[in-house]
Amino acid sequence: MDFAARFHRLVGDDVLFPQGWDCHGLPTEVKVEENQGIHRTDVPREEFRDLCIEHTESQIGAMRDTMDTLGFSIDWDHEFRTMDPEYWGETQRSFVQMADSDYVYQNEHPVNWCPRCETAIADAEVETEEGIEGTLYYITFPGVSEAGDPSDSATESQDIEIATTRPELLAACVSMAVHPDDERYTDRIGDTFEVPLFGQEVELIADDEVDSDFGTGAVMICTFGDKQDVDWWAEYDLDLRMVFSEDGQLTGLAGEYEGLTIDEAKNEIAADLDAEGYLVDREPTEQNVGQCWRCDTPIEILSKEQWFVEVRQDEILETAQEVEWIPEHMYGRLEEWTEGMEWDWVISRQRVFATPIPAWHCQDCGHTHIAEAAELPVKPPETDPAIGACPECGSEHWRGETDVMDTWMDSSISPLLVQGWPEEPFTPATLRPQGHDIIRTWAFYTLLRSAAVEDQIPWEEILINGMVFGDDGNKMSKSRDNFVQPETVVEEYSADAFRQAIALGGQPGTDIQFQWKEVTSAARFETKVWNITRFVAQQLDEERDPLPDPAYRDVDRWILSKCSRVAADVREDMEQYRFDAALRTLRNFVWHDLADDYLELVKGRLYEGRPGERDAAQQALFRTVSASLRMLAPFAPFLSEEAYRSLPGTEGSVHAADWPDLEVVDEDAETAGDLIAEVASTVRGWKSDTGLALNAPLERVEVYPDEDLSVPVDTYDLSEAASAPVHIREGVPAVELVPVDVEPDHSVIGPKFRDQAGQVVAALETMDPGTVESQKTVDGEIQVDLDNEVAVIPGEAVEVVEEHRAESGEEVVVLDSEIGTILVYE
RNA sequence: GGGUUCGUGGUCUAGGUUGGUUAUGACACCUCCUUGACAUGGAGGAGGCCGGCGGUUCAAAUCCGCCCGAACCCA
């Protein structure tokens with residue numbers, strides 16, 4: 001996040017904030033096919049690739065514009081794109097390196113296959129069409145009694161009936177399954193049956209995934225009818241019977257049915273089953289069918305040679321544990337995902353726009369050769385390997401690998417490449433920001449890869465941010481019409497307001513809702529800041545020499561002390577990525593302490609103070625405003641920059657400045673200042689309430705603080721602000737004091753009286769406040785009558801609330817405030 | 001079905017780890033106020049059984065259990 005980058009620059013860290021573009025992938029190919037009205041096999045690979053690059057470049061351009069508009073402080077010198085040969089060459093290098101350390105291997109693996117397009121397609125390309133009409137066939141599988149097997153000899157296996165919509169897959173049947181709780185079949189599990197027409201023997205297994213209510217409650221498992229079959233095949237380590245070829249015809253395994261299409265086979269096999277008496281019944285049914293998104297042909301699942309990367313779970317988890325997760329519980333997601341991994345990572349894709357797998361297959365002996373590091377980057381289908389002849393058989397006939405890599409192979413090495421790998425020694429990046437939706441991909445693969453390639457953590461901290469939702473709380477989408485383009489916000493308000501709204505959305509890890517009202521309040525705050533700066537700039541002399549030792553008054557010391565406290569708090573929040581809390585604290589300070597209180601208090605001095613007095617106020621103002629602008633810079637880079645430059649006495653850019661470090665925490669001044677601010681705002685509020693002008697002169701104001709002050713309070717500015725002489729008095733004001741209420745301190749009474757506490761408090765509250773008050777002042781403790789005993793409460797455990805009333809005949813107004821009593825003589 | 005996170009005035013949100021007096025702020029709403037940075041401002045007000053039930057405790061928004069509801073990830 002940009003907030004963090006900007007903040008760390010201010011505190012003096014050397015920040016590398018690169019931007020990478022993950023270009024490759026299916027969505028781009030699809031988009032290009034759509035725009036061009038072509039299929040990727042219609043044009044040569046290279047041409048299609050170029051079209052993708054072109055499209056991606058325009059996308060990147062648009063996104064970069066947005067980022068600039070929003071003020072992202074990206075280090076564009078370190079921009080990279082995974083589609084550039086400089087990048088994907090390194091992706092290949094990491095592949096070669098992982099192949100050398102035996103992470104990479106080839107194996108058969110089921111893929112979605114479109115028989116018409118004759119290509120593998122990704123899950124994302126499979127569209128599920130619901131409610132397709134089909135026929136459900138009920139087929140009898142004869143039981144096999146195995147002679148010589150004692151467990152079977154007692155109870156001879158009987159026939160079992162299954163239901164399927166795909167009789168053409170009988171030849172591929174490798175097992176049968178029922179639900180373990182299905183009473184119809186409990187004693188049959190483990191029995192063997194014979195597949196009709198084809199004769200192979202299969203075992204009945206039990207699995208929770210079987211739907212007992214469907215058909216007969218028993219299903220056949222084929223390689224492969226659907227994804228479920230794939231899971232079972234892997235889980236139970238079943239045989240592989242490939243019954244379809246790539247063009248959708250039955251293979252030799254189907255015996256006499258070889259060469260038929262799927263539909264032909266379905267009809268013929270169904271007819272033969274009927275003829276042989278295996279077909280018990282057929283009924284119409286509705287089913288969901290996976291189809292090719294492009295041609296609507298039903299998808300088949302075929303097993304194809306694929307490239308894999310071994311997932312070493314322990315290694316990944318160990319690496320992940322060394323990383324600090326923010327928020328912590330997000331580690332749990334990765335852990336769960338990692339532990340649940342059943343298959344290794346299939347990295348090969350039968351696509352075009354991606355990093356080519358740098359390998360060749362010898363056409364004569366089948367040997368697979370992986371490229372040497374020196375010849376990278378390389379595009380195998382176009383180039384022969386540097387090695388020349390096959391090391392196994394000496395042949396020079398190579399078939400370049402046409403498969404390409406999963407795009408996560410690109411993006412999962414970005415931390416390495418950013419650091420100059422492989423030339424430079426790798427040091428982990430400090431921070432990785434990413435969304436929680438891609439923990440199982442980006443974070444997972446990056447951990448895997450940096451552990452595998454460099455045996456290191458990729459980054460020290462990983463900050464998981466939430467998704468941004470629309471104003472109505474739903475995920476942004478065109479159909480919901482809650483899509484908010486950042487540009488729209490920038491046009492109507494400003495980029496800084498947009499940034500603030502996002503920052504305030506919530507803490508890291510939680511999804512945040514975009515809210516126009518946050519933009520509104522942010523925009524108001526900006527106006528406020530701008531006006532403050534303008535006012536202060538006006539009050540500062542252009543050629544003002546900083547004073548070595550200004551004659552600060554209490555309020556000056558107060559605002560400076562508060563400011564340094566705020567700087568420390570904000571800094572702490574920023575370090576923990578609590579941007580919401582940081583901005584909140586900052587806003588509160590600027591708006592209320594600085595603008596509402598301090599500015600009002602020093603106006604008198606600024607307008608007509610003596611030179612020395614004025615200088616001190618100017619100096620304090622300058623330091624506070626300058627510090628505030630610097631703290632605001634990460635959130636509102638544009639506004640703070642302009643304001644900072646317009647403030648006389650600042651040099652250069654606010655973004656090149658240092659984080660404020662005023663080092664003037666002054667407890668006494670804060671006590672005095674809080675009192676002054678409170679009195680000023682109480683008097684101001686009273687004037688406002690009574691309809692007086694805020695600068696209406698008063699005869700005299702007397703302040704009686706509740707607690708004795710340890711320090712003298714300087715009323716110079718207060719008198720100016722109140723337009724009246726202000727005196728701080730000790731003791732009790734000469735007005736009637738009427739106790740009206742008692743407030744027990746539960747944290748004292750609770751532990752002291754334990755289970756009696758409720759009773760004590762209740763009794764206390766029924767007492768006359770005057771009695772409580774007198775007992776408290778005379779004895780230092782209060783006696784409370786309970787039902788049959790007397791409880792003694794220490795005086796400090798009870799607060800007596802008193803109200804002041806002016807003695808009759810005197811022209812005085814009594815104001816109660818948080819810090820004490822204020823008497824106003826008009 | 002499994003996992004994770006969450007449920008706080010009309011809306012959004014802070015606080016929750018460390019239980020304790022009056023639960024924070026913003027936006028919207030109502031009343032009043034042109035006063036020399038700012039009406040994109042200022043002063044004040046109304047509005048909450050802190051999702052529900054139960055438990056621990058003198059005391060629960062906060063800790064524990066269950067339930068209901070939402071979102072996300074996985075199956």
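By convention in this document, chain letters (A, B, ...) are assigned in the order of the sequence lines, proteins followed by strands, and residues within each chain are numbered from 1. Not measured: the values here are computed from a predicted model.
- Nearest-nucleotide positions on RNA chain B place T527(A) closer to the 5' end than the other of W337(A) and T527(A).
- Annotation: G42(B) and G36(B) have their P atoms spaced 15 Å apart (nearest Å).
- Using a 4.0 Å heavy-atom cutoff across all strands shown, L599(A) reaches at least one base atom of the nucleic acid.
- Dashed line: the shortest gap from a side-chain N or O of R524(A) to OP1 or OP2 of A26(B) is not under 4.0 Å.
- D596(A) and W591(A) form no side-chain donor-acceptor contact under 3.5 Å, judged by distance and modelled atom types alone.
- Side-chain polar atoms of D556(A) and Y598(A) form a donor-acceptor pair below 3.5 angstrom.
- Base pairing of U18(B): no nucleotide in any strand meets the Watson-Crick or G-U wobble criterion (both distances under 3.5 Å).
- Between Q513(A) atom CD and A70(B) atom P there is a gap of 16 Å when expressed in whole angstrom units.
- One finds no side-chain N or O of K528(A) lying less than 4.0 angstrom from the OP1 or OP2 phosphate oxygen of A39(B).
- Nucleotide C63(B) forms a Watson-Crick or G-U wobble pair with G55(B), both donor-acceptor distances falling under 3.5 Å.
- Picking from G36(B), C74(B), G3(B) the nucleotide with the shortest atom distance to the side chain of Y607(A) gives G36(B).
- Look at CD1 on I512(A): it is 11 Å from P on A14(B), rounded to the nearest Å.
- Rounded to whole Å, the distance from CD on E518(A) to C1' on A14(B) is 12 Å.
- OP1 or OP2 of A37(B) sits under 4.0 Å from a side-chain N or O of K603(A).
- Between C73(B), A71(B), A26(B), one nucleotide has an atom nearer to the side chain of F469(A) than all others, and that is A71(B).
- E600(A) comes within contact range of at least one nucleobase, with a heavy-atom separation under 4.0 Å.
- Ranking C73(B), C27(B), A37(B) by closeness to the R534(A) side chain, first place goes to A37(B).
- Separation of the P atoms belonging to U31(B) and G52(B) is 33 Å when rounded to the nearest angstrom.
- Residue contacts for A595(A): at a heavy-atom cut-off of 4.0 Å it reaches a base atom on one of the strands shown.
- Partner assigned to C49(B) is none, using Watson-Crick or G-U wobble distances below 3.5 angstrom.
- Nucleic acid contact for S521(A): sugar-phosphate only, since backbone atoms but no base atoms lie under 4.0 Å from a heavy atom of the residue.
- The side-chain tip of R499(A) does not point at the ring of F635(A) from less than 6.0 angstrom away and within 45° of straight on.
- Spacing between atom CG of D596(A) and atom P of G25(B) amounts to 14 Å, rounded to whole angstrom units.
- With rounding to the nearest 0.5 Å, the separation of OG in S175(A) from OH in Y236(A) is 8.5 Å.
- When the C1' atom is compared between A28(B) and G16(B), the two are found 28 Å apart, to the nearest whole Å.
- Comparing the C1' positions of G25(B) and C64(B) gives a spacing of 31 Å, expressed to the nearest Å.
- The CG-C1' distance, from L504(A) to U11(B), rounds to 16 Å in whole Å.
- Rounded to whole Å, atom P of U5(B) lies 12 Å from atom CD1 of I439(A).
- When both distances must be under 3.5 Å, the Watson-Crick or G-U wobble mate of C27(B) is G10(B).
- Look at the P atom in both A60(B) and G20(B): the space between them is 11 Å, to the nearest Å.
- Distance noted for atom P between C49(B) and G41(B): 30 Å (whole Å).
- Here C74(B) presents its P atom at 3 Å from CZ of R440(A), a figure rounded to the nearest Å.
- For H329(A), taking side-chain heavy atoms from C-beta onward, the closest of the listed nucleotides U5(B), C12(B), C73(B) is U5(B).
- Rounded to whole Å, the distance from CZ on R584(A) to C1' on C27(B) is 14 Å.
- Comparing the C1' positions of G10(B) and U56(B) gives a spacing of 35 Å, expressed to the nearest Å.
- No side-chain donor from either of W442(A) and D22(A) sits under 3.5 Å from a side-chain acceptor of the other.
- Look at W591(A) and you'll find a side-chain N or O under 4.0 angstrom from OP1 or OP2 of G42(B).
- Pairing for C32(B) is with G42(B), a Watson-Crick or G-U wobble pair whose two hydrogen-bonding atom distances lie under 3.5 Å.
- Aromatic pair F498(A)/Y493(A): centroids not less than 6.0 angstrom apart.
- With P as the reference atom, A61(B) and G7(B) are 14 Å apart, rounded to whole Å.
- For the residue pair T520(A)/R524(A), the side-chain donor-acceptor check at 3.5 Å is not satisfied.
- Counted by atom type alone, Y577(A) and E461(A) present one or more donor-acceptor pairs between their side chains at under 3.5 Å.
- The partner of G1(B) is C74(B), by the rule that a Watson-Crick or G-U pair needs both atom distances under 3.5 Å.
- Comparing G15(B), C12(B), A37(B) by their closest approach to the side chain of R578(A) singles out G15(B).
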